[in-house]
Amino acid sequence: MDEVRRDQINECFAQVTGLLEDAHEIAVTGQSDRASLDELMDCAKALRQTVDRASAMVTVIEGLLS
């Protein structure tokens, strides 16, 4: 594997790590007993978007590896 592609893969893994950290923060916010139903829905939507973005990055990693 060439160095450029390896660097791209490493960057993708770093992006996935950041997105998973974001997802964790969103999930913790959603655990708040004081959150309204609207706030919980916003958390659920944000969590779905973040997880979808992480999943898309995994697809990119798989493509770089094939």
Side-chain angles (χ1 to χ4, degrees):
M1 176 181 315
D2 66 23
E3 188 174 331
V4 171
R5 193 164 82 179
R6 182 61 189 196
D7 288 345
Q8 290 173 324
I9 292 167
N10 287 343
E11 178 59 31
C12 289
F13 273 110
Q15 289 180 30
V16 169
T17 299
L19 289 166
L20 293 175
E21 289 171 351
D22 292 347
H24 176 261
E25 288 181 26
I26 294 165
V28 168
T29 300
Q31 293 176 27
S32 171
D33 290 339
R34 297 180 184 193
S36 69
L37 290 178
D38 286 339
E39 291 168 327
L40 291 174
M41 183 57 75
D42 289 343
C43 283
K45 288 177 184 177
L47 185 58
R48 168 55 60 206
Q49 291 172 346
T50 303
V51 170
D52 286 349
R53 287 175 54 209
S55 179
M57 287 307 305
V58 171
T59 301
V60 170
I61 292 167
E62 291 170 335
L64 290 168
L65 291 170
S66 60

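What you see is a predicted model, and the numbers here were worked out from it, not measured in a lab. Residue indices begin at 1 and follow the sequence shown.
- Not a single salt bridge (charged side-chain N to carboxylate O under 4.0 Å, His left out) links Asp42 to another residue, sequence neighbours left out.
- How far OG1 of Thr50 is from CD of Glu21: 12.0 Å, rounded to the nearest 0.5 Å.
- When the side chain to side chain contact (heavy atoms under 4.5 Å, CB included) test is applied to Ile9, the partners found at least two apart in sequence or on another chain are Met1, Arg5, Phe13, Ile61, Leu64, Leu65.
- Residue Arg34 holds its CZ atom at 11.5 Å from CD of Glu39, rounded to the nearest 0.5 Å.
- Nearest heavy atom pair, residue Ala54 against residue Val16, reads O-CG2, 4.0 Å.
- If you chain together ILVMFWY residues whose side-chain heavy atoms come under 4.5 Å of each other, Leu47 ends up grouped with Ile26, Val51.
- At distances below 3.5 Å, at least one donor-acceptor pair connects side-chain atoms of Ser66 with backbone N or O atoms of Gly63.
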